[in-house]
There are 2 protein chains.
Amino acid sequence: MPDVKNDALPGQRPDQMPEPDRLGAELSDAVVLFHEAIGSLMGLSAADHKALGILGREGPMSAGELAERTALTAGAVTGLVDRLERAGLAGRERDPGDRRRLVVTASRPGDPRVAEAFAGLGAAMAEVTAHFSPDQLAAIAEWVALTSEALRAQAAAIAARREA
Amino acid sequence: MPDVKNDALPGQRPDQMPEPDRLGAELSDAVVLFHEAIGSLMGLSAADHKALGILGREGPMSAGELAERTALTAGAVTGLVDRLERAGLAGRERDPGDRRRLVVTASRPGDPRVAEAFAGLGAAMAEVTAHFSPDQLAAIAEWVALTSEALRAQAAAIAARREA
DNA sequence: TGATATCTTTTAGTCTACTCAACCATTTAG
DNA sequence: CTAAATGGTTGAGTAGACTAAAAGATATCA
């Protein structure tokens with residue numbers, strides 16, 4: 001069974017890992033690789049990309065909330081949003097209800113190369129899907145959900161231990 | 001079926017995505033989150049973490065090769081290896097055959113917290129595995145392999161288009 | 001209304017990691 | 001054996017992004 005745990009474990013080369021771990025490590029690497037490729041295509045640093053991900057996932061939020069979610073200071077968030085805005089990836093709007101507040105919204109990237117990249121991945125994934133029966137796909141979906149949860153929980157545990 | 005393509009696509013919120021895409025995005029996010037947690041636990045920047053990943057995956061290599069693989073200059077690699085060495089994550093050795101060359105080797109992290117984190121993930125994943133039959137696990141393993149390949153291919157395509 | 005609190009931006013200073021170029025050490029070629 | 005080439009390090013200078021603190025704008029409360 002696949003498993004992601006060895007991805008960042010140096011000192012053990014892929015060809016020495018048990019098969020399931022190797023697969024997990026490869027998936028993890030591939031995800032990160034794709035992330036990086038998209039990021040560099042957009043001209044974003046990892047931190048900016050992460051912030052954009054938060055915005056995309058959780059929807060528009062105020063600068064202060066974004067600061068909290070990214071663990072940055074308010075000043076740093078101003079610069080962050082500047083960069084995203086300049087790249088055409090996010091927008092600033094004043095909150096009509098409270099005009100001190102700022103609402104930062106992720107906008108769909110206008111860059112056609114980015115759209116193309118996602119379209120390419122979509123097509124490739126459609127092909128992957130075609131290899132499996134509905135039952136198998138259901139199992140895969142469940143595995144993905146459980147694995148995501150496990151990864152999140154571990155990440156949270158690490159962060160918690162870090163605080164202590 | 002799961003699909004990773006929307007992960008970095010802002011402008012579409014998770015609750016508006018089709019189910020399979022949402023799952024893929026979540027897995028992708030979770031992988032990245034875990035990566036970051038481990039990285040911060042080791043006190044590594046994203047770039048350092050990436051370099052360590054290359055070393056772990058491809059085995060020991062010379063500083064020059066590492067420079068090429070990371071797209072950094074020679075000087076920057078010196079600093080990079082300094083940091084990794086200081087953190088106890090990599091070692092420098094002179095190549096006995098050509099004593100100008102340096103062989104950089106990733107070493108298993110001595111930090112018990114890192115080992116603990118990986119052990120925790122291993123246990124969690126074992127539990128996930130227990131939910132599935134051997135046939136299902138086989139399908140999952142295949143999906144993971146195919147998806148990794150697709151992600152890698154897309155990342156490579158992006159990089160190639162970028163050069164042009 | 002005036003005082004105070006909240007949210008963001010600005011400014012000044014710092015830190016880190018990078019590039020480029022000069023510099024050692026070693027190897028290879030003439 | 002010297003001259004040129006190769007591999008890595010060192011040092012100067014630079015750029016980007018961060019923090020902290022002051023400032024600006026708006027809101028809330030008495």
Side-chain angles (χ1 to χ4, degrees), chain A residues 35-36 39-55 58-106 159 162-163, chain B residues 35-36 39-55 58-106 162:
Chain A
H35 252 260
E36 287 179 349
S40 79
L41 195 56
M42 293 186 184
L44 291 185
S45 75
D48 292 358
H49 194 185
K50 177 182 168 184
L52 192 60
I54 291 173
L55 280 176
E58 305 184 12
M61 65 183 70
S62 77
E65 286 177 276
L66 189 55
E68 203 174 323
R69 297 286 289 103
T70 53
L72 291 175
T73 57
V77 167
T78 299
L80 170 69
V81 177
D82 284 347
R83 290 191 297 277
L84 293 181
E85 200 170 35
R86 204 176 315 131
L89 295 168
R92 267 188 173 90
E93 289 161 40
R94 290 251 153 241
D95 182 331
D98 179 344
R99 297 216 326 252
R100 291 168 306 182
R101 306 182 90 218
L102 195 70
V103 181
V104 184
T105 312
R162 211 177 147 56
E163 312 251 315
Chain B
H35 251 261
E36 286 179 350
S40 79
L41 195 56
M42 294 188 183
L44 291 185
S45 75
D48 291 359
H49 195 184
K50 176 180 168 184
L52 193 60
I54 290 173
L55 280 176
E58 306 185 10
M61 65 183 69
S62 77
E65 286 176 275
L66 189 55
E68 202 174 324
R69 296 287 287 102
T70 53
L72 291 176
T73 58
V77 167
T78 297
L80 170 69
V81 178
D82 283 348
R83 290 192 297 277
L84 293 180
E85 201 170 33
R86 204 177 315 131
L89 296 168
R92 268 189 174 90
E93 292 161 39
R94 289 249 154 244
D95 182 332
D98 179 344
R99 300 216 325 254
R100 290 168 306 184
R101 305 183 91 221
L102 196 70
V103 181
V104 184
T105 312
R162 209 176 148 57

Produce the list of close N/O pairs, under 3.5 Å, pairing protein atoms with atoms of nucleotides 9-12 of chain D; give distances to one decimal.
unit_1: D/dT9; atom_1: OP1; unit_2: B/R92; atom_2: NE; d: 2.9
unit_1: D/dT9; atom_1: OP1; unit_2: B/R92; atom_2: NH2; d: 3.4
unit_1: D/dT9; atom_1: OP2; unit_2: B/T78; atom_2: OG1; d: 2.9

Between the protein and nucleotides 14-16 of chain D, list the N/O to N/O atom pairs that are separated by less than 3.5 angstrom.
none

Considering only nitrogen or oxygen atoms on both sides, find all protein atoms under 3.5 Å from nucleotides 27-30 of chain C and state each distance.
unit_1: C/dT27; atom_1: OP1; unit_2: B/R99; atom_2: N; d: 3.0

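Across all strands shown, B/S45 has no heavy atoms under 4.0 Å from either base or sugar-phosphate atoms.
Residues satisfying the side chain to side chain contact (heavy atoms under 4.5 Å, CB included) test with A/A87, not counting sequence neighbours, are A/L89. Residues passing the salt bridge (charged side-chain N to carboxylate O under 4.0 Å, His left out) test with A/R99, sequence neighbours excluded: none. A search for side-chain hydrogen bond (donor to acceptor under 3.5 Å, both in side chains) contacts involving B/E93 returns nothing, not counting sequence neighbours. Judged as a side-chain hydrogen bond (donor to acceptor under 3.5 Å, both in side chains), and not counting sequence neighbours, the contacts of A/R92 are A/D82, A/E85. Considering only residues two or more places apart in sequence or on other chains, A/R100 meets the side-chain hydrogen bond (donor to acceptor under 3.5 Å, both in side chains) condition with A/D98. Residues satisfying the side chain to side chain contact (heavy atoms under 4.5 Å, CB included) criterion with B/S62, sequence neighbours excluded, are B/E65, B/R101.
Between B/R86 atom CZ and C/dA17 atom P the separation is 8 Å, expressed in whole Å. Counting to the nearest Å, the C1' atom of D/dG8 and the CG atom of B/L80 are 14 Å from each other.
Residues B/L80 and B/L66 are in side-chain contact: their nearest non-hydrogen atoms beyond the backbone lie under 4.5 Å apart. For the pair A/L102 and A/R94, the minimum side-chain heavy-atom distance is below 4.5 Å. Put simply, the side chain of A/L55 reaches to within 4.5 Å of the side chain of A/M61, judged on heavy atoms.
For residues 45-54 of chain A, the set of pairs meeting the salt bridge (charged side-chain N to carboxylate O under 4.0 Å, His left out) definition, not counting sequence neighbours, comprises A/D48-A/R83, A/K50-B/E36. Applying the salt bridge (charged side-chain N to carboxylate O under 4.0 Å, His left out) definition to pairs two or more places apart or across chains, those involving residues 67-79 of chain A are A/E58-A/R69.
Of the residues in residues 64-73 of chain B, those placing a heavy atom less than 4.0 Å from an atom of DNA chain D are B/G64, in numerical order.
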